[in-house]
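Taking it in order: structure first as structure tokens, then the write-up.
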Number of protein chains: 2
Amino acid sequence: MTTQAQDNGFCCADHSGAANVAAILAAAEARARATGARLTPVRRRVLEILLQAHGALGAYDVLEKLSAEGFGSQPPVAYRALNFLVDQGLAHRIRRLNAFTACAHPGQDHRAAFLICESCDSVTEADAGAVSAALDQAAKAAGFDLARATIEAVGQCSACREAAR
Amino acid sequence: MTTQAQDNGFCCADHSGAANVAAILAAAEARARATGARLTPVRRRVLEILLQAHGALGAYDVLEKLSAEGFGSQPPVAYRALNFLVDQGLAHRIRRLNAFTACAHPGQDHRAAFLICESCDSVTEADAGAVSAALDQAAKAAGFDLARATIEAVGQCSACREAAR
DNA sequence: TTATCTAACGTTATATCATAACAGTCAAGG
DNA sequence: CCTTGACTGTTATGATATAACGTTAGATAA
């Protein structure tokens with residue numbers, strides 16, 4: 001199984017368009033320098049791959065591309081770069097899909113929720129402000145000290161719903 | 001790795017105590033009969049195993065127990081029973097842990113959030129009413145037709161926080 | 001400059017999680 | 001009785017993820 005959505009010229013959900021890629025990469029590099037993190041060639045390329053992808057990519061999807069470009073060909077190469085990006089807040093892991101996606105709002109300290117379309121496999125990062133607040137509240141009520149959360153919704157995006165009518 | 005929390009006589013979080021197991025099983029059976037679903041021996045036993053476990057169990061943890069008791073010894077045996085229970089609303093899948101847990105409130109049409117303790121591996125099912133409402137709202141704002149959602153929080157439960165002080 | 005140190009890379013090997021496909025079993029209904 | 005369909009169990013394989021270790025390359029100190 002590949003997790004990559006079809007690049008058929010039609011794009012369901014709003015995502016980081018190619019036009020933004022360069023800007024986000026530059027911002028990522030600036031941010032990395034500032035924090036002492038090293039955005040190495042593999043890591044940079046993985047971020048680029050995620051930014052250019054429609055939908056989320058599995059680690060092995062990423063690995064395949066890396067391998068074809070002369071980077072290492074074994075799973076740890078992809079997983080290490082992906083985990084680095086997640087740690088840096090430059091990417092998110094979508095557990096429901098066993099996949100990764102570039103962060104749409106890097107640099108901002110935000111909690112995200114993901115809207116996963118079952119029709120076109122697109123993954124949209126939604127603002128989870130209110131959801132997060134409610135979850136904080138629920139955790140507090142249970143006496144639970146919340147560190148971080150995964151919020152993933154599955155359904156159909158607006159474009160696909162329109163198309164289905 | 002095993003996903004089962006230690007059964008050390010100390011239990012961090014409130015969970016389905018042994019006293020409730022019989023009652024929940026009976027309710028599950030009644031419900032199954034009502035809907036035409038068949039709570040067969042394997043399925044019933046898997047539910048029982050989940051109910052008695054502290055924390056969530058991986059499919060292979062469950063399989064090991066089944067196998068030791070004379071049921072089938074191959075992965076599909078566990079996965080089929082677990083998926084049945086999830087479909088029936090008798091169990092939940094915790095994606096973050098690649099594990100399953102018995103539903104604390106079977107029969108009620110509820111949306112659940114899970115509070116996962118990193119110290120003791122306990123998994124508590126919290127009421128996700130408000131969280132769910134906020135998520136519905138966020139989805140609506142994005143024009144997304146929400147079918148179902150995964151809400152999983154990671155942190156430290158109250159008992160472990162107390163113990164750590 | 002050169003020696004040294006460390007983070008990152010790439011590899012081999014293996015662990016862990018999950019499902020496809022098919023054969024045998026058994027209870028319910030014709 | 002016989003068919004039917006749901007369930008169980010099996011073999012086999014696929015998909016996801018990490019441990020461990022040697023090598024490389026960039027930074028730092030001498």
Side-chain angles (χ1 to χ4, degrees), chain A residues 1-4 28-29 32-33 35-47 49-50 56-88 90-101 121 150, chain B residues 1-4 29 32-33 35-47 49-50 56-88 90-101 121 150 152:
Chain A
M1 180 196 80
T2 178
T3 324
Q4 178 171 26
E29 256 169 41
R33 257 194 305 278
T35 63
R38 289 170 53 193
L39 193 60
T40 62
V42 214
R43 291 168 174 176
R44 188 194 149 95
R45 183 65 189 122
V46 170
L47 177 54
I49 289 169
L50 291 181
L57 295 183
Y60 283 74
D61 294 328
V62 171
L63 179 59
E64 199 176 339
K65 290 175 190 281
L66 289 178
S67 179
E69 295 173 14
F71 291 101
S73 61
Q74 300 305 315
V77 172
Y79 282 102
R80 279 195 293 240
L82 289 165
N83 287 330
F84 169 86
L85 295 174
V86 170
D87 288 345
Q88 298 295 312
L90 296 169
H92 296 284
R93 185 172 200 151
I94 311 294
R95 305 210 85 107
R96 179 146 217 134
L97 302 176
N98 291 325
F100 300 81
T101 188
D121 291 333
T150 301
Chain B
M1 182 197 80
T2 175
T3 323
Q4 179 172 26
E29 256 168 43
R33 257 194 305 279
T35 63
R38 289 170 54 193
L39 192 61
T40 62
V42 215
R43 291 169 175 177
R44 189 194 148 96
R45 183 65 188 122
V46 170
L47 177 53
I49 288 170
L50 291 182
L57 294 183
Y60 281 73
D61 294 329
V62 171
L63 179 59
E64 198 176 338
K65 290 174 189 283
L66 290 178
S67 180
E69 296 172 14
F71 291 101
S73 61
Q74 300 305 315
V77 171
Y79 280 103
R80 278 195 294 238
L82 288 165
N83 286 330
F84 169 86
L85 294 174
V86 170
D87 288 346
Q88 297 295 313
L90 295 169
H92 297 285
R93 185 171 203 152
I94 311 294
R95 305 209 85 107
R96 180 148 216 134
L97 302 176
N98 290 324
F100 299 82
T101 189
D121 290 333
T150 301
E152 296 171 2

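Below, chains carry the letters A, B, ... as their sequence lines are ordered, and counting in each starts from 1.
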_Within-4.5 Å side-chain heavy-atom neighbours: A/N83 and A/R93_ = yes
*For residues A/R95 and A/T150, is any side-chain donor paired with an opposing acceptor at under 3.5 Å?*
no
Scan nucleotides 17-22 of chain D against the protein and return all N/O pairs shorter than 3.5 Å with their distances rounded to 0.1 Å.
{"residue": "D/dA17", "atom": "OP1", "partner": "A/R93", "partner atom": "NH2", "Å": "3.0"}
{"residue": "D/dA17", "atom": "OP2", "partner": "A/Y79", "partner atom": "OH", "Å": "2.9"}
{"residue": "D/dA17", "atom": "O5'", "partner": "A/Y79", "partner atom": "OH", "Å": "3.3"}
{"residue": "D/dA17", "atom": "N7", "partner": "A/Y60", "partner atom": "OH", "Å": "2.6"}

*How about A/L57 and A/F100: do any of their side-chain heavy atoms sit closer than 4.5 Å?*
no
*Rounded to the nearest 0.5 Å, what separation is found between the CG atom of A/L50 and the CG atom of A/D61?*
10.0 Å
*State, with a plain yes or no, whether a side-chain heavy atom of B/F84 is found less than 4.5 Å away from one of B/R80.*
no
*For DNA chain D, whose closest nucleotide is more 5', that of B/G72 or that of B/F84?*
B/F84
*Can you tell me how far CD of B/E69 sits from CD1 of B/I49, rounded to the nearest 0.5 angstrom?*
5.5 Å
*With respect to the phosphate group of D/dG9, does any side-chain polar atom (N or O) of B/S73 fall under 4.0 Å of OP1 or OP2?*
no
*asked:* A side-chain contact here means heavy atoms from C-beta on lying under 4.5 Å apart; do B/H92 and B/V86 qualify?
replied: no
All N/O pairs under 3.5 Å across the protein-nucleotides 24-27 of chain D interface:
none

*Quick check: does any side chain N or O of B/R43 sit under 3.5 Å from a backbone N or O of B/R38, one acting as donor and the other as acceptor?*
yes
